[in-house]
There are 2 protein chains.
Amino acid sequence: MPNGNLELKKAGLKVTLPRVKILEILESSDTRHLSAEDVYKALLDAGDDVGLATVYRVLTQFESAGLVLRHNFEGAHAVFELNDDEHHDHMVCTETGDVIEFFDDFIESRQKEVASKHGYDIVGHSLVLYVKPKQSS
Amino acid sequence: MPNGNLELKKAGLKVTLPRVKILEILESSDTRHLSAEDVYKALLDAGDDVGLATVYRVLTQFESAGLVLRHNFEGAHAVFELNDDEHHDHMVCTETGDVIEFFDDFIESRQKEVASKHGYDIVGHSLVLYVKPKQSS
DNA sequence: CTAATTGCAAAAGCTTTGCAGCGCA
DNA sequence: TGCGCTGCAAAGCTTTTGCAATTAG
């Protein structure tokens, strides 16, 4: 019995075929950040007949359950990634679309300080650096 | 002749009524961050008959011209703010919806370092802290 | 006068929802 | 068996676009 099923049960979700398949795709994809459409296409490619609406529903449920994280990089559609419980931020290459993850303790703590200075506690944050390959010229 | 007109001309945009009105609304609003819909309603309230499509077009042109900045706070619609050429990031209160602007030199330079470490130059960045009032309890 | 701009309505994307039928526990 | 889940199609939202009429310079 695959380990993903445990997480589903723990989240109070029935272990159904669509949910298991979607979890598998998120786990096995070599691209870590996938849109609902990406997942949907991957399902079709794998010969699994799951509706796009279900993909959205399942991803949203996964998000509520803390299994995945949803990001809204610049405007367009949302992307989802498996939540490995290790917080990180993102760098998006504006030329290739590549997504690089990074974590910086200094920035993290500084954020807390800034919020605190204004009388707030941080509930969450979103930091995305839009970058381009360094010009060696 | 209002000063905003200069900026329009400088941007190569004809000084039309919709554009002037929209600029005025952005300048005079006590809420600094407005959605297209907000601007549209403000126009109607002011008795100006401008189409929503025009609001979007104008705001997009303003963005291209560097007159305004567009932000995509959590999911929903985009919000626009006048570009005062002083970069800052945002804190959004999850309870009141308040938007607080802040700037932190250390975070800024640290971002550059992180990008550089990965072989990139920063083109832009988006940092939003989602916060809630500090519990004094 | 001429090209830019606007308004309206329609279209486009992404995402959500209603509902009848299907499937897990 | 029963309630949750799924698929399909339709609806919802924000934003964009086509086009004829209007307007700034």
Side-chain angles (χ1 to χ4, degrees), chain A residues 1-2 4-25 33-44 46-65 67-80, chain B residues 1-2 4-25 33-44 46-65 67-80:
Chain A
M1 184 187 288
N5 297 6
L6 266 175
E7 322 219 47
L8 289 179
K9 284 183 181 162
K10 228 183 326 185
L13 298 171
K14 282 191 182 175
V15 180
T16 63
L17 205 120
R19 300 218 254 241
V20 172
K21 291 294 182 187
I22 291 176
L23 209 46
E24 277 178 17
I25 284 173
H33 303 80
L34 301 170
S35 66
E37 194 75 28
D38 290 337
V39 172
Y40 178 62
K41 283 188 191 135
L43 285 167
L44 294 191
D48 297 306
D49 210 352
V50 175
L52 178 56
T54 299
V55 173
Y56 274 103
R57 269 186 294 233
V58 169
L59 286 174
T60 301
Q61 291 160 348
F62 282 7
E63 187 194 9
S64 301
L67 291 178
V68 307
L69 299 174
R70 180 196 298 248
H71 303 291
N72 291 293
F73 300 151
E74 277 310 71
H77 44 222
V79 296
F80 300 81
Chain B
M1 182 184 290
N5 297 5
L6 266 175
E7 322 219 47
L8 289 179
K9 284 184 180 161
K10 232 186 321 187
L13 297 171
K14 282 189 180 176
V15 180
T16 63
L17 204 121
R19 300 219 253 242
V20 172
K21 291 294 181 187
I22 290 175
L23 209 46
E24 277 177 18
I25 284 173
H33 303 80
L34 300 170
S35 67
E37 193 75 27
D38 290 336
V39 173
Y40 177 61
K41 283 188 190 134
L43 285 168
L44 294 192
D48 297 305
D49 209 353
V50 175
L52 178 56
T54 299
V55 173
Y56 274 103
R57 270 186 294 233
V58 169
L59 286 173
T60 302
Q61 290 159 348
F62 282 6
E63 188 194 9
S64 301
L67 291 179
V68 307
L69 299 174
R70 179 196 301 246
H71 304 291
N72 290 293
F73 300 151
E74 277 312 69
H77 43 222
V79 296
F80 300 81

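Letters go in sequence order (proteins before strands), and every chain restarts at 1.
- Atom-to-atom, CG of Leu59(A) to P of dT6(D) comes out at 12 Å; the value is rounded to the nearest Å.
- Of all nucleotides listed (dT6(C), dT6(D), dT16(D)), dT16(D) comes nearest to the side chain of Thr60(B).
- Rounded to a whole Å, the CZ atom of Arg19(B) is 10 Å from the C1' atom of dA24(D).
- The side chain of Pro18(A) has dT6(D) as its nearest neighbour among dT15(D), dT6(D), dA4(C).
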List the atom pairs, with distances to 0.1 Å, where a side-chain N or O of residues 51-59 of chain B and a protein N or O form a donor-acceptor pair under 3.5 Å, not counting sequence neighbours.
none

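- In this structure, the side-chain hydrogen bond (donor to acceptor under 3.5 Å, both in side chains) partners of Ser35(A), at least two apart in sequence or on a different chain, are Asp38(A).
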Problem - Per-nucleotide protein contact string for nucleotides 18-25 of chain C (B base, S sugar-phosphate only, - none; heavy atom under 4.0 Å) - result: B----BBS
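- Leu17(A) is linked by a side chain to side chain contact (heavy atoms under 4.5 Å, CB included) to Lys21(A), counting only residues two or more places apart in sequence or in another chain.
- In this structure Ala11(B) satisfies the side chain to side chain contact (heavy atoms under 4.5 Å, CB included) test together with Leu13(B), Ala65(B), sequence neighbours excluded.
- Atom NZ of Lys21(B) is separated from atom P of dA24(D) by 13 Å (rounded to the nearest Å).
- Contacts of Lys41(A) classified as side chain to side chain contact (heavy atoms under 4.5 Å, CB included), with partners at least two apart in sequence or in another chain: Glu37(A).
- Put simply, the side chain of Asn72(B) does not reach to within 4.5 Å of the side chain of Phe73(A), judged on heavy atoms.
- One interatomic measurement links the two molecules: CD1 of Ile22(A) to P of dT6(D), which rounds to 8 Å at whole-angstrom precision.
- In this structure Lys14(A) satisfies the side chain to side chain contact (heavy atoms under 4.5 Å, CB included) test together with Thr16(A), Arg19(A), sequence neighbours excluded.
- Between dT16(D) and Tyr56(B), no contact under 4.0 Å exists linking OP1 or OP2 to a side-chain N or O.
- In this view, Glu63(A) and Arg70(A) satisfy the salt bridge (charged side-chain N to carboxylate O under 4.0 Å, His left out) rule, not counting sequence neighbours.
- Taking atom CG on Asn72(A) and atom P on dC13(D), their separation rounds to 18 Å, with Å as the unit.
- Between its opening and closing five pairs, the helix from dC1(C)-dG25(D) to dA25(C)-dT1(D) changes axis direction by 30°, a value rounded to 10 degrees.
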